[in-house]
Number of protein chains: 4
Amino acid sequence: MTETSEPQMSRIQQKNRDLILHGALEAFSANGLRGATIDQIARSAGLSKPNVLYYFGSKDEIHKALLTTLLEMWLAPMQQIDPDGDPLSEVLRYMRAKLMMSQDYPRESRLFAHEILQGAPHLTEILGGGLREIVDRAAGVLQGWMDQGRLAPVDPRHLIFSIWSMTQHYADFEAQVRAVLGPGRDPIDEGGVFLDNLYRKLLTP
Amino acid sequence: MTETSEPQMSRIQQKNRDLILHGALEAFSANGLRGATIDQIARSAGLSKPNVLYYFGSKDEIHKALLTTLLEMWLAPMQQIDPDGDPLSEVLRYMRAKLMMSQDYPRESRLFAHEILQGAPHLTEILGGGLREIVDRAAGVLQGWMDQGRLAPVDPRHLIFSIWSMTQHYADFEAQVRAVLGPGRDPIDEGGVFLDNLYRKLLTP
Amino acid sequence: MTETSEPQMSRIQQKNRDLILHGALEAFSANGLRGATIDQIARSAGLSKPNVLYYFGSKDEIHKALLTTLLEMWLAPMQQIDPDGDPLSEVLRYMRAKLMMSQDYPRESRLFAHEILQGAPHLTEILGGGLREIVDRAAGVLQGWMDQGRLAPVDPRHLIFSIWSMTQHYADFEAQVRAVLGPGRDPIDEGGVFLDNLYRKLLTP
Amino acid sequence: MTETSEPQMSRIQQKNRDLILHGALEAFSANGLRGATIDQIARSAGLSKPNVLYYFGSKDEIHKALLTTLLEMWLAPMQQIDPDGDPLSEVLRYMRAKLMMSQDYPRESRLFAHEILQGAPHLTEILGGGLREIVDRAAGVLQGWMDQGRLAPVDPRHLIFSIWSMTQHYADFEAQVRAVLGPGRDPIDEGGVFLDNLYRKLLTP
DNA sequence: TATGAATGAGTTTTCATTCAT
DNA sequence: AATGAATGAAAACTCATTCAT
């Protein structure tokens with residue numbers, strides 16, 4: 001969560017930037033870009049409102065910086081799919097990694113969900129066509145395995161969509177999941193079992 | 001989309017309520033509750049701002065009324081799962097119905113997505129435990145089929161989550177889906193094929 | 001000071017617009033565009049701040065509307081120079097008219113002075129090249145008279161500048177004029193005598 | 001432009017004060033007292049904002065110091081009117097000197113214009129009645145010449161106003177002058193010819 | 001001297017809501 | 001039923017100034 005490209009940044013500055021981004025994650029993930037206020041962010045970061053704007057020029061900039069900062073981490077698991085690994089294991093490992101992110105970083109998941117729901121204006125600006133290239137690479141690996149008969153043939157991009165949607169569902173729609181399951185259950189743990197089975201059946205050649 | 005509990009409502013009143021709800025769907029689905037403004041809704045409905053508030057006392061009330069109005073339609077497909085039908089066909093039919101809703105009613109899908117992302121404060125109020133009961137019934141049907149060996153055994157509630165998440169993904173995350181697939185493709189059509197295969201493999205006993 | 005091009009405007013709306021423009025003239029002429037606050041304008045107009053913005057969308061818009069509203073009146077005297085009149089009388093009449101405007105409308109004079117000092121960003125937008133054409137016409141008339149030997153030959157545009165600067169000086173630099181002359185004198189009355197003599201001597205062929 | 005009353009000031013201090021005053025002239029002349037920001041001044045001076053305030057305690061003080069610093073230079077030409085010189089030559093020389101200041105120091109001219117437009121609060125404080133005395137002296141010289149029949153009789157103070165207004169017009173209202181004359185002309189050069197002629201005709205006895 | 005950091009007091013603007021008719 | 005007019009409360013920013021080092 002630290003920015004290292006601009007070297008001249010003091011300890012305290014770095015710390016405050018992180019406090020702000022942390023508060024912003026809290027606010028934006030709960031209320032969306034428009035619904036969050038700089039006041040919330042400032043309070044959550046323990047700073048004054050103008051001080052927040054001293055570090056980031058505007059609310060939009062905080063939002064953009066937050067997305068930028070988190071994007072890499074968000075996309076990392078997919079880039080770790082190993083073309084030389086065992087196909088099914090690799091897919092299951094990717095699914096598990098995404099599911100763990102819903103567990104460990106639900107706010108990040110919701111942040112991206114909000115952004116994409118609105119048409120992803122900031123993400124598009126940040127990513128350019130970058131997302132597509134990343135997905136294309138992973139899809140290529142998957143397609144290769146299918147061509148080799150090591151994985152049952154399905155559309156690799158829709159396979160990826162399915163992993164995204166099902167794993168993130170546990171974070172983004174947590175309120176609903178809890179309402180349906182009732183108390184005393186571990187949605188993500190159960191989801192792991194369900195999804196493991198699902199992808200084994202779907203992809204075993 | 002009409003409200004029938006208060007009988008004395010003129011034709012024109014009814015029409016204006018519908019216009020407002022229509023405009024509200026447009027605004028709320030695109031920008032969320034906080035991001036949408038009454039001005040947008042009024043403009044989209046072709047009415048004046050105070051007139052909008054004459055029909056519904058506040059922005060929150062419009063939102064609540066909209067959710068209420070759409071909820072039944074939103075949950076209808078699940079209630080149409082027929083215990084006496086063919087298990088796999090029933091599940092696939094349900095999945096298809098949900099997928100078609102992403103195609104035909106993407107704004108409704110995003111409206112609910114926004115609401116649940118925020119913790120579903122209004123929905124909880126409206127539904128009480130209603131959602132749970134509805135899901136419990138469907139889950140009971142599914143479980144029965146599994147117990148009879150007519151469907152491969154999986155957790156029925158997580159099965160339902162998977163259908164929700166994957167089908168709604170095409171509406172809620174449309175921006176991302178389009179960015180990944182590029183132009184000239186029909187995401188939902190392709191998704192139908194993918195999901196049909198997925199659930200056949202998952203659920204065939 | 002009333003706007004007649006948009007007919008559907010109620011009595012009260014018209015009155016409030018005028019109140020606002022009046023308050024804006026007060027504030028802008030004294031403090032300039034940046035120095036004046038909407039609060040000042042609102043107080044001076046006896047309205048609430050948001051109500052001021054209900055009539056004009058922003059501070060800039062008020063300023064622009066004010067300049068637009070006053071521009072015609074401001075340029076009127078020059079357009080009344082009569083090609084068929086007596087040359088010297090016409091020039092003197094124009095000078096007198098401008099001088100009277102410094103007497104009767106000093107705030108308007110200062111408003112334009114502020115705007116032009118800043119490089120006339122709004123005026124340029126409003127006028128386009130309009131000012132030049134208006135001056136060209138008057139300069140043409142003056143030049144004609146000079147060519148006929150009815151007026152001593154001088155550069156007509158600089159003649160116009162001299163009239164502008166000297167007459168407006170009594171409004172724009174009033175503080176200095178008063179400081180130099182001391183109390184108990186009538187600067188504009190004396191200025192009239194001085195300028196009358198000046199232009200007679202300058203222009204009598 | 002240097003301040004000599006406080007003797008212990010290092011070379012570097014002196015240089016920074018000058019840098020600040022230079023930046024302040026830039027900012028204040030373009031935007032007025034309220035419109036200019038310390039940030040602008042600091043950036044223009046190449047110093048940090050708090051450092052600017054280390055040299056001058058407040059924005060107002062910078063402004064006051066700037067006016068004070070420039071005032072002497074601004075009034076110098078009038079004090080150089082030589083009672084023993086040739087009357088017409090002296091007046092023309094003064095007018096030319098003022099006109100050259102519009103050419104060489106337009107920002108200084110605009111700075112004073114802004115200040116006087118606002119009612120000259122700072123100048124009054126600085127000058128006390130000083131301006132009046134200076135003008136009184138010059139007016140006395142002029143009046144003497146008129147009494148001797150060496151200059152046509154006019155009100156000497158209004159004569160001075162006329163010189164001020166017409167010469168400064170080329171700096172203060174430059175935007176307008178350029179808009180009227182169009183490109184490719186030298187306003188001040190032409191103005192010199194015009195004003196030379198004007199004052200010869202006005203003042204030749 | 002010098003400055004990065006911080007902030008209180010504005011200032012513009014937005015917006016849900018109310019008022020008067 | 002309907003709306004032009006109005007506003008309080010908030011929200012995003014700005015900026016002169018101060019603090020700590």
Side-chain angles (χ1 to χ4, degrees), chain A residues 8-13 15-17 34-42 46-62, chain B residues 9-10 12-13 15-17 33-42 46-63, chain C residues 8-13 15-17 34-42 46-62, chain D residues 9-10 12-13 15-17 33-42 46-63:
Chain A
Q8 325 66 333
M9 200 178 293
S10 74
R11 199 74 41 79
I12 192 168
Q13 216 178 347
K15 188 183 145 206
N16 280 343
R17 283 181 65 93
R34 301 274 311 258
T37 72
I38 294 183
D39 220 32
Q40 269 171 42
I41 297 171
L47 300 171
S48 72
K49 210 169 10 166
N51 202 18
V52 167
L53 291 166
Y54 170 77
Y55 285 95
F56 298 88
S58 70
K59 192 168 111 169
D60 254 52
E61 235 179 85
I62 303 175
Chain B
M9 197 179 293
S10 72
I12 195 168
Q13 259 182 321
K15 189 183 145 205
N16 280 345
R17 284 182 65 93
L33 175 52
R34 304 270 315 254
T37 72
I38 294 185
D39 226 34
Q40 270 171 40
I41 297 171
L47 299 172
S48 72
K49 213 166 23 159
N51 205 16
V52 167
L53 289 167
Y54 169 80
Y55 283 97
F56 300 86
S58 70
K59 188 168 123 171
D60 255 52
E61 243 178 78
I62 303 175
H63 190 241
Chain C
Q8 329 59 339
M9 199 178 291
S10 74
R11 198 75 41 80
I12 192 168
Q13 216 178 347
K15 187 183 145 206
N16 280 344
R17 283 181 65 93
R34 301 274 311 257
T37 71
I38 294 184
D39 222 32
Q40 268 172 42
I41 296 171
L47 299 172
S48 72
K49 211 172 5 167
N51 202 18
V52 167
L53 291 167
Y54 170 77
Y55 285 95
F56 298 88
S58 69
K59 192 168 113 170
D60 254 53
E61 235 179 85
I62 303 175
Chain D
M9 196 179 295
S10 74
I12 195 168
Q13 259 182 322
K15 186 182 146 209
N16 280 344
R17 284 182 65 92
L33 175 52
R34 304 270 314 254
T37 71
I38 293 185
D39 226 34
Q40 271 172 39
I41 296 171
L47 299 172
S48 72
K49 211 163 30 153
N51 204 18
V52 167
L53 288 168
Y54 168 81
Y55 284 96
F56 300 87
S58 70
K59 189 169 122 171
D60 256 51
E61 243 178 78
I62 303 174
H63 190 240

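Note on naming: letters A, B, ... go to the chains in the order of the sequence lines (proteins, then strands), and numbering restarts at 1 for each one.
Shown here, F:dC19 forms a base pair with E:dG4; the pair counts as Watson-Crick or G-U wobble because both key distances fall under 3.5 Å.
By the 4.5 Å heavy-atom criterion applied to side chains, D:H63 and D:F56 are not counted as neighbours. Between D:L33 and D:D60 the shortest side-chain heavy-atom distance falls below 4.5 Å. Contact of the C:V52 side chain with the C:K59 side chain is not registered, since no non-hydrogen atoms from C-beta on lie closer than 4.5 Å.
In the 5' to 3' direction, nucleotides of DNA chain E lying under 4.0 Å from heavy atoms of chain D begin and end at E:dT1 to E:dT11.
Residue C:N16 places no side-chain N or O under 4.0 Å from the OP1 or OP2 atom of F:dG4. For the pair B:Q13 and F:dA1, the criterion of a side-chain N or O lying under 4.0 Å from OP1 or OP2 is met.
In this structure, CD1 in C:I38 is found 12.5 Å from CG in C:L47, a value given to the nearest 0.5 Å. Residue B:N51 holds its CG atom at 6.0 Å from CG of B:N16, rounded to the nearest 0.5 Å. Rounding to the nearest 0.5 angstrom, the gap separating the OG atom in B:S10 from the NZ atom in B:K15 is 10.5 Å.
For the pair A:A36 and D:R34, nearest-nucleotide mapping onto DNA chain F gives the more 5' position to A:A36.
Residues from residues 46-56 of chain D that place a heavy atom under 4.0 Å from any atom of DNA chain E, listed by number: D:S48, D:P50, D:N51, D:Y54, D:Y55.
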